[in-house]
Undergrad: 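Structure incoming, see below.
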Amino acid sequence: MRETTCAGCADPFDGQPAYLVQGARWMGRRRWCGDTLLICAACHDSRRGYFNADHKTTPITWTALVGRGEQQAPVPCVACGQAVIRNAEPLLKRVTCSAACSTSLTRSRNGNKGSGQPCETCGEEITTGRADSRYCGPACRQKAYRQRKSHA
Ligand SMILES: [Zn+2]
Ligand SMILES: [Zn+2]
Ligand SMILES: [Zn+2]
C-alpha cells in the first residue's frame, strides 16, 4: 500500500512534491493517533489541519515538517519515488514517504533473500522474503495455515 494521496484532503499528488509532517489521524471515538503524514502543498500552505484541527472538517492534525534542520528541496522517496519535502535531519540517511515504504525498504534490505532455511511446508530452501520467513512463499504459508485450522 502506498500513500499517493494527501492525508488531509485525499487529493492525489499527481507527481507533485508532498510535505511530510508530524501529525495525528483521527481514529474515531475521540482518539487521535500519532503518525507522520504526507500532505499536499495546498493543505500545507493553507495550514489546513494545522495544530488544532476539527476532525469533522479535517481528519488529521499536524504541527511541523518532519526533521529538525532546514527545509530540504524535494527528495524522492527511495522506495516509491514520490517527491517528499521535509526538514533535514543529521541522522537522515534516506527519505521515505510513509511507514509502508520504510517497511518495504527494510524488507528488501534484509536481502529479500529469505532465511535460507527449509520451508516448513514443502522443505524447499527459502530464497525470497524476509530473513525470518518460515515458508518459501504465499502458497505454502496458506497451506500451513489451512492445516493448522483443520487440526484445531
Ligand atoms: Zn491536501
Ligand atoms: Zn514512498
Ligand atoms: Zn514451501
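First listed ligand is number 1; within each ligand, the first listed atom is number 1.
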Undergrad: Return the orientation label for the Trp62 and His44 ring planes: parallel under 30°, perpendicular over 60°, tilted otherwise.
TA: parallel

Undergrad: Linking I/L/V/M/F/W/Y whenever their side-chain heavy atoms sit closer than 4.5 Å, directly or via other members, would Ile60 and Trp26 fall into one cluster?
TA: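 The answer is no; the residues belong to distinct hydrophobic clusters.
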
Undergrad: Could you please give the number of protein N/O/S atoms within less than 2.8 Å of the Zn ion (ligand 1)?
TA: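 That number is 4, waters not included.
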
Undergrad: Report yes if some heavy atom in the side chain of Thr96 is under 4.5 Å from a heavy atom in the side chain of Val78; otherwise report no.
TA: yes

Undergrad: Kindly compute the distance separating OG1 (Thr127) from CD (Gln117), expressed to the nearest 0.5 Å.
TA: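 Output value for this atom pair is 12.5 Å.
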
Undergrad: For the atom pair SG (Cys6) and CD (Gln16), what is the distance rounded to the nearest 0.5 Å?
TA: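 It comes to 12.5 Å.
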
Undergrad: Taking the Zn ion (ligand 2) as the vertex, how big is the angle to SG in Cys77 and SG in Cys97, rounded to 10°?
TA: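 Nearest ten degrees: 120°.
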
Undergrad: With rounding to 10 degrees, what does the angle Cys80:SG / the Zn ion (ligand 2) / Cys101:SG come to?
TA: 110°

Undergrad: Would you give the angle at the Zn ion (ligand 3) between Cys136 atom SG and Cys122 atom SG, to the nearest 10°?
TA: 110°

Undergrad: To the nearest 0.5 Å, how far apart are CG in Leu92 and CD in Gln72?
TA: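 Leu92 atom CG to Gln72 atom CD measures 6.0 Å (nearest 0.5 Å).
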
Undergrad: Do Tyr145 and Arg141 touch side chain to side chain, with heavy atoms closer than 4.5 Å?
TA: no

